[in-house]
Amino acid sequence: MAETKVVFHYPTRLLETPVVSRLVRDFNLEFNILRADVTPGAEGIVVLGLAGETKDIERALAWVKKQGVAVQPLEKDVVRIDDRCTECGACITLCPTAALWREVDTQAVRFDPDKCIACEICVPACPPRAMRVAF
Ligand code: SF4
Ligand code: SF4
C-alpha cells in the first residue's frame with residue numbers, strides 16, 4: 001500500500017462538492033484530513049493523507065484535478081530560523097493559512113508549523129530569509 005500527502009486548493013465554486021468522499025467510494029482510498037481551512041467565499045485548502053494502491057492514488061488525483069481542484073504534493077516542510085526573524089510582519093498577510101501571525105501582547109510574529117501547508121509564499125517575501133524550505 002502506498003501513502004502520500006497532498007494539498008487540495010478548492011476554488012469557491014467547488015466548496016460544496018463532495019470531492020474527498022469520492023476518493024473512498026470511487027478509488028478505494030483511505031484518507032486522513034490533516035488540516036482544513038475552508039472559508040465561505042474564499043479558496044478552500046485541505047491537507048490530506050492518502051493511502052491505497054499507487055495506481056488508484058494516481059487515478060484519483062487525476063480525477064480531482066479534472067474537477068478543477070489544484071493539487072500540490074506536500075513533500076517538504078517550510079521552517080523558520082527564529083534567530084533571523086526581525087518581526088517585520090511582511091509574511092503575515094501573505095500566508096493563506098494564518099500559520100504566521102502577530103501576537104497581540106508581545107507584538108512578536110509567531111509561526112505555527114502545524115498550520116503550514118508549505119506553499120512557500122513566505123520564503124521569497126521574507127527580507128532576512130528567515131523562512132526556509134527544508135527537504
Ligand atoms: S509556507 Fe509560509 S506562507 Fe505558506 S503556509 Fe507555510 S507559513 Fe504560510
Ligand atoms: S517576513 Fe520574515 S522577518 Fe518578517 S516577520 Fe515574517 S519571518 Fe519574520
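Quick caveat: nothing in here was measured; it's all calculated off a predicted structure. First listed ligand is number 1; within each ligand, the first listed atom is number 1. In this chain, numbering begins with 1 at the start of the sequence shown.
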>> A side-chain contact here means heavy atoms from C-beta on lying under 4.5 Å apart; do Val19 and Val46 qualify?
In response: no

> Side-chain contact, heavy-atom cut-off 4.5 Å: Ile45 with Phe8?
Replying inline: no

> Looking only at heavy atoms, what is the nearest atom pair of Leu100 and Cys95, with distance?
Replying inline: N-SG, 4.0 Å

> ligand 2: which residues have a non-hydrogen atom closer than 4.0 Å?
Replying inline: Arg80, Cys85, Thr86, Glu87, Cys88, Gly89, Ala90, Cys91, Val109, Cys126, Pro127, Pro128, Met131

> At under 4.0 Å between heavy atoms, which part of Lys115 makes contact with ligand 1: side chain, backbone, both or neither?
Replying inline: neither

>> Using side-chain heavy atoms (C-beta onward) and a distance below 4.5 Å, is Gln107 in contact with Glu87?
In response: no

> Can you list the atoms of ligand 1 that are under 4.0 Å from a heavy atom of Glu120?
Replying inline: 1 (S), 4 (Fe)

>> Looking at every non-hydrogen atom in both residues, tell me the closest pair between Leu34 and Leu48 and how far apart they are.
In response: CD1-C, 4.0 Å

> Residues two or more places apart in sequence or in another chain: which of them pass ring pair (Phe, Tyr, Trp, His ring centres under 6.0 Å) with Trp101?
Replying inline: none

>> Need the ligand 1 atom indices (1-based, order shown) with element for anything under 4.0 Å from a heavy-atom of Val78.
In response: 1 (S)

> Should you measure from each heavy atom of Thr97, which atoms of ligand 1 turn up under 4.0 Å away?
Replying inline: 5 (S)

> Any side-chain heavy atom of Arg132 within less than 4.5 Å of one from Arg84?
Replying inline: yes

>> Please determine whether the number of non-hydrogen atoms from other residues, nucleotides or ligands lying under 6.0 Å from atom CD of Glu3 exceeds 12.
In response: no

